[in-house]
Amino acid sequence: EECVFCKILAGRLPSYRVYEDERHVAFLDINPFSAGHTLVCPKRHGETLWDLDESEIAEVFKVASKVSMGVVSATKADGFRIMQNNGEAANQAVAHIHVHVIPHKLEDKGRFNRMKLSDKEMAEVAESIKAEIAKLA
């Protein structure tokens, strides 16, 4: 059965997309650690990092770096975390390779709990991130 992220990529499930190119898409995490927590996914399905070749690994992290600039700027974060989990034992919740871009503010240093944002908050954050990424082009 097709994975949740493949359904999102195909447009069969909703998402708050902030970036897309021919091989990648980035969208907000629906259970974020902070406002602006974004997932960067290759469009080609692979479950773990081992399912990508070296050039694909480089590309997904290059996109994550670009997206991180938009995320940090849009959220006025003081820093960010890049996280990539492989396998259930490593807390990979969706079996489709993805990189987390998680903005952090100094006042939240040391806290790392999931939060729930309203649809309005998600849409506003997504639009702000898209606008900041567009400035980088």
I'd like a table of donor-acceptor pairs (distance under 3.5 Å, sequence neighbours excluded) in which one partner is a side-chain atom from residues 63-73, with atom names and distances.
unit_1: S68; atom_1: OG; unit_2: S65; atom_2: O; d: 2.6
unit_1: S73; atom_1: OG; unit_2: E132; atom_2: OE1; d: 2.7

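Formation of a donor-acceptor pair under 3.5 Å by the K43 side chain with backbone atoms of D21 is found in this model.
D29 and R114 are joined by a salt bridge, as a carboxylate oxygen and a charged side-chain nitrogen come within less than 4.0 angstrom of each other. Using a cutoff of 4.0 Å between basic side-chain nitrogens and carboxylate oxygens, K62 and E59 are not scored as salt-bridged.
Taking the side-chain hydrogen bond (donor to acceptor under 3.5 Å, both in side chains) definition, one finds that N91 meets it with nothing, sequence neighbours left out. For the side-chain hydrogen bond (donor to acceptor under 3.5 Å, both in side chains) test, residues two or more places apart in sequence or in another chain that qualify with D108 are R111. Under the rule for a side-chain hydrogen bond (donor to acceptor under 3.5 Å, both in side chains), N31 has no partner lying at least two apart in sequence or in another chain. In this structure, the side-chain hydrogen bond (donor to acceptor under 3.5 Å, both in side chains) partners of E124, at least two apart in sequence or on a different chain, are K120.
Taking all atoms of both residues into account, the shortest heavy-atom contact from I102 to S34 is CG2-OG, 3.6 Å. Minimum interatomic distance between K105 and D78 (heavy atoms only, all atoms of both residues): CA-OD2, 3.4 Å. Scanning all heavy atoms of the two residues, the minimum distance from H37 to P103 falls at N-CD, 3.8 Å. Shortest non-hydrogen contact noted between Q84 and H98 is CG-O, 3.3 Å. Contact record, T48 with G87: CG2-N, 4.2 Å, taken as the closest heavy-atom pair.
At a threshold of 4.5 Å between side-chain heavy atoms, the hydrophobic network of Ile, Leu, Val, Met, Phe, Trp and Tyr places V60 and I129 in one connected group. L136 and V18 fall into different hydrophobic clusters, defined by Ile, Leu, Val, Met, Phe, Trp and Tyr side-chain heavy atoms under 4.5 Å apart, directly or through other members. F33 and V99 are members of different hydrophobic clusters when ILVMFWY side chains are connected at heavy-atom separations under 4.5 Å.
When side chains are defined from C-beta on, I82 counts as touching F61, because their heavy atoms get closer than 4.5 Å.
For E88, the CD atom sits in a loose shell: 12 or fewer heavy atoms of surrounding residues, nucleotides or ligands are nearer than 6.0 Å. The 12-atom threshold is not exceeded at CD1 of I30, counting heavy atoms of other residues, nucleotides or ligands nearer than 6.0 Å.
V94 forms part of a hydrophobic cluster together with V4, F5, I8, L9, L13, V25, F27, L39, judged by ILVMFWY side-chain heavy-atom separations under 4.5 Å.
Note that the CG atom of N86 and the CG atom of D51 stand 9.0 Å from one another [nearest 0.5 Å]. Annotation: the span from T75 atom OG1 to F80 atom CZ amounts to 11.0 Å, rounded to 0.5 Å. Note that the SG atom of C3 and the CD1 atom of I97 stand 11.5 Å from one another [nearest 0.5 Å].
Of the residues listed (H96, E56, H24, R23), the one engaging R44 in a side chain to side chain contact (heavy atoms under 4.5 Å, CB included) is E56, and it is the only one.
Side-chain contact annotation: H100 with R81, donor-acceptor N/O pair under 3.5 Å absent.
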